[in-house]
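The block underneath contains the structure these notes are about, expressed in structure tokens.
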Amino acid sequence: MIRHLLAATALLAPVPTLAQSAQETLDARYDRALAAGYKALMLCGGIASSGPSSQRRSEASVIDYELTGIYPALGPIVRELPHRVERGEDGFLDYVAADWAEDMPPRIALHKGAEQGCALLPIGAGAPDRETPSAMRIDRVIPPGTPRRQPSQTTGRHATLAATALGERYGAGTRTTAVLVQRDGRILGEAFAPGFDGDLPQRTWSVAKSLAATLIGAAVQRGEADVAASAGLGLADGDPRRAITVDHLLRMASGRYSDTVGNRTDPLYFGGATVDERAATWPLIHPPGTTFRYANNDTLMAVKTIEDTFDDAPPAGLFERLGMYQTIAETDWQGNYILSSQVWASARDLAKLGQLYLDDGVLPGGERVLPDNWLEYVSSPSGPQPTGEFGYGAGFWLFDKSDGIPPDTIAMMGNRGQYVVIVPSQKVLIVRRGEDPTGARFDIAAFTRDVLATLRK
């Protein structure tokens, strides 16, 4: 008995100060590695995704927006880390490097080409020694006659309402970069912050989760996926994780453990780890389908269930069919798509994605891309629900608890204020892009109510 009490006391004993200090030093070093990865990847993605050489964003613009107001643990470090942008002899972006430790190579974000954007190499991987194949040094092919970089031509009360979102009326400290209001497929109002326009890509953050659900829906329509099927998780037959279905993953109801809210996946996003390393092996702690837990890893594993289809139907293929020529889905350094967050898209491209849902999954030429019940499927709160202002469907947030907004309204939502609001009953679409700093929140429900009220006048 005494031996057991001593053992219990030892477990409760405080960690020695020396051990705490060593861990703090280790954590501080890891934060520097993550911050350097964050800086390299955002600079690489922001510069590479924004179009041909003559139209690319400046480093200063990316630093001022994408790299300002970020996570408190990383923000101060990001600002002081030196970086460099490396280009080939032809002037095309090769990679971005960010220094973080004297005894380690810089963090490297490698530009993989027009269709895959930038990928973050693992911590410790140095600058690549390679001749970039000419096929990787081409900009996206955009059909002749496609409008680009045109300023908004909208006027009247709709344009005025869009412009009100550029200030802080809908949230103190928010930084709106683009707003678009559309009805019946026609843009009624647009407004942009200086240096931005409707065709300039920004990182979508978790809006990508709705894009992932769309890709899965397209695979279902082709007969290449089944949301009721097992997602194949677990190490072998008999593993209880085999009971997790694609539907569970899309509804954030896998029952798997996650160590932070949202499973922030910093090792994957900014550390250079791969989807296979970080997303696949989390243990089960609730019966699948019984508990809502928002987790990046669930979306990542849902996408893995259709990765065998990407040889013939890659994300870039869907973007092209939708006319989303300013959209790039990025991968980890092993080629796994990070469709929980890592997509760059313009406001007008996201409007085209939203319009696909308003058109019931059918392209303007009459080709069906999504199953005829897919809008109903992603809009259904059939799984366990989150607490708070919004409900959750399958890869989409739901406005089913929002006063003054039609209950069929759904939305794609992402970090730093990315929103695509879809109101099927009114054929209305609202896109709001932002670079809101940590702690600032754009009130998308209030803005949606005001937009709908204006449209009724």
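Hydrogens, waters and symmetry mates play no part in the numbers below; they use all other heavy atoms, side chains included. As the structure is a prediction and not an experimental result, all values here were calculated from the model.
In this structure, Thr438 contributes its side chain and Ile70 its backbone to a donor-acceptor pair below 3.5 Å. The backbone N or O of Leu121 sits less than 3.5 Å from a side-chain atom of Arg107, completing a donor-acceptor pair. Under the 3.5 Å distance criterion, the side-chain polar atoms of Lys39 are matched with a main-chain donor or acceptor of Leu81. Looking only at distances, a side-chain donor or acceptor of Asp332 sits under 3.5 Å from a matching main-chain atom of Val275. A donor-acceptor distance shorter than 3.5 angstrom exists from the side chain of Ser58 to the backbone of Ser61, with no hydrogens or angles considered. Judged by distance alone, the side chain of Arg293 and the main-chain N or O of Ala253 form no donor-acceptor pair under 3.5 Å. For the pair Arg241 (side chain) and Trp282 (backbone), a donor-acceptor distance under 3.5 Å is present. His111 places no side-chain N or O within donor-acceptor distance of the main-chain N or O of Tyr95, the cut-off being under 3.5 Å. Between the side chain of Gln342 and the main chain of Trp205, no donor-acceptor pair closer than 3.5 Å is present. Under the 3.5 Å distance criterion, the side-chain polar atoms of Gln385 are matched with a main-chain donor or acceptor of Gly383.
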Steps toward side-chain contact (heavy atoms from CB on, under 4.5 Å) verdict (Leu233, Met301): CA-CA 8 Å; Leu233 298 180; Met301 296 315 297; 3.5 Å; yes
Steps toward side-chain contact (heavy atoms from CB on, under 4.5 Å) verdict (Ile410, Phe399): CA-CA 6 Å; Ile410 62 174; Phe399 282 67; over 6 Å; no
side-chain contact (heavy atoms from CB on, under 4.5 Å) between Gln326 and Leu200, worked out: CA-CA 7 Å; Gln326 316 299 334; Leu200 185 70; over 6 Å; no
Stepwise side-chain contact (heavy atoms from CB on, under 4.5 Å) test for Arg84 and Asp99: CA-CA 9 Å; Arg84 63 184 184 277; Asp99 296 317; 4.0 Å; yes
Derivation and outcome, salt bridge (charged side-chain N to carboxylate O under 4.0 Å, His left out), residues Asp436 and Arg416: CA-CA 5 Å; Asp436 299 337; Arg416 295 176 67 84; over 6 Å; no
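Here the closest heavy-atom approach between residue Pro267 and residue Tyr30 is recorded as CG-OH, 3.5 Å. The two residues Asp311 and Pro314 make their nearest non-hydrogen contact at O-CD, 4.4 Å. Of all heavy-atom pairs between Ala165 and Val179, the closest is CB-CG2, 3.6 Å. What you find for Ala172 and Ala440 is that their closest heavy atoms are O-CB, 3.6 Å. Taking every heavy atom of both residues into account, Glu389 and Ala445 meet most closely at OE2-CB, 3.3 Å. Counting all heavy atoms, side chain and backbone alike, Leu429 lies closest to Gly354 at CD1-CA, 3.8 Å.
Atom-to-atom distance recorded for Ser21:OG and Leu26:CG is 11.0 Å, nearest 0.5 angstrom. With values rounded to the nearest 0.5 angstrom, Thr281 atom OG1 is found 8.0 Å from Leu235 atom CG. Taking NZ from Lys112 and OG1 from Thr331, the interatomic distance works out to 3.0 Å, rounded to the nearest 0.5 Å.
Taking the six-membered ring where the residue is Trp, the centroids of Tyr325 and Phe319 are separated by 6.0 Å or more. If you look at Tyr65 and Phe196, their ring centroids are closer than 6.0 Å. Side-chain rings of Tyr294 and Trp397 approach one another, their centers coming within less than 6.0 Å.
Residues Asp298 and Ser254 have side chains that bring a donor and an acceptor to within less than 3.5 angstrom of each other. Using a 3.5 Å distance cut-off with no hydrogens or angles, the side chains of Gln116 and Glu330 do not pair a donor with an acceptor. Side-chain atoms of Ser340 and Tyr269 form a donor-acceptor pair, as typed in the model, at a separation below 3.5 Å. With hydrogens and angles left out, the side-chain atoms of Thr214 and Tyr357 include a donor and acceptor closer than 3.5 Å. Side-chain atoms of Asn336 and Thr274 form no donor-acceptor pair, as typed in the model, at a separation below 3.5 Å. Side-chain atoms of Gln418 and Arg433 form a donor-acceptor pair, as typed in the model, at a separation below 3.5 Å.
For Asp199 and Arg348, the salt-bridge test passes: some basic side-chain N is under 4.0 Å from an acidic carboxylate O. Ion pair Glu66/Arg57 flagged as a salt bridge, since at least one NZ, NE, NH1 or NH2 atom sits closer than 4.0 Å to an Asp/Glu carboxylate oxygen. Checked for salt-bridge contact, Lys352 and Glu320 miss the test: no charged N lies under 4.0 Å from a carboxylate O.
Using a 4.5 Å heavy-atom cutoff, the side chains of Thr299 and Met252 are in contact. Asp226 places none of its side-chain heavy atoms less than 4.5 Å from the side chain of Val220. Taking the side chain as every heavy atom from C-beta outward, Arg278 and Thr265 never approach each other to under 4.5 Å. Residues Glu86 and Val96 have side chains not in contact (no heavy-atom distance under 4.5 Å, counting atoms from C-beta outward). Side-chain atoms of Leu339 and Leu300, non-hydrogen and from C-beta on, never get closer than 4.5 Å to each other. In this structure the side chain of Cys118 reaches within 4.5 angstrom of the side chain of Leu41, judged on heavy atoms. In this structure, Pro381 and Tyr392 have side chains that are not in contact, with every pair of non-hydrogen atoms separated by 4.5 Å or more. Taking 4.5 Å as the limit, some side-chain heavy atom of Cys44 sits within range of a side-chain heavy atom of Leu93.
With sequence neighbours excluded, the residues forming a side-chain hydrogen bond (donor to acceptor under 3.5 Å, both in side chains) with Thr245 are His248, listed by chain and number.
Relative orientation of the Tyr170 and Phe442 rings is tilted, given thresholds of 30° and 60° on the angle between their planes.
The one candidate from Thr177, Thr448, Thr176 that meets the side-chain hydrogen bond (donor to acceptor under 3.5 Å, both in side chains) condition with Arg432 is Thr176.
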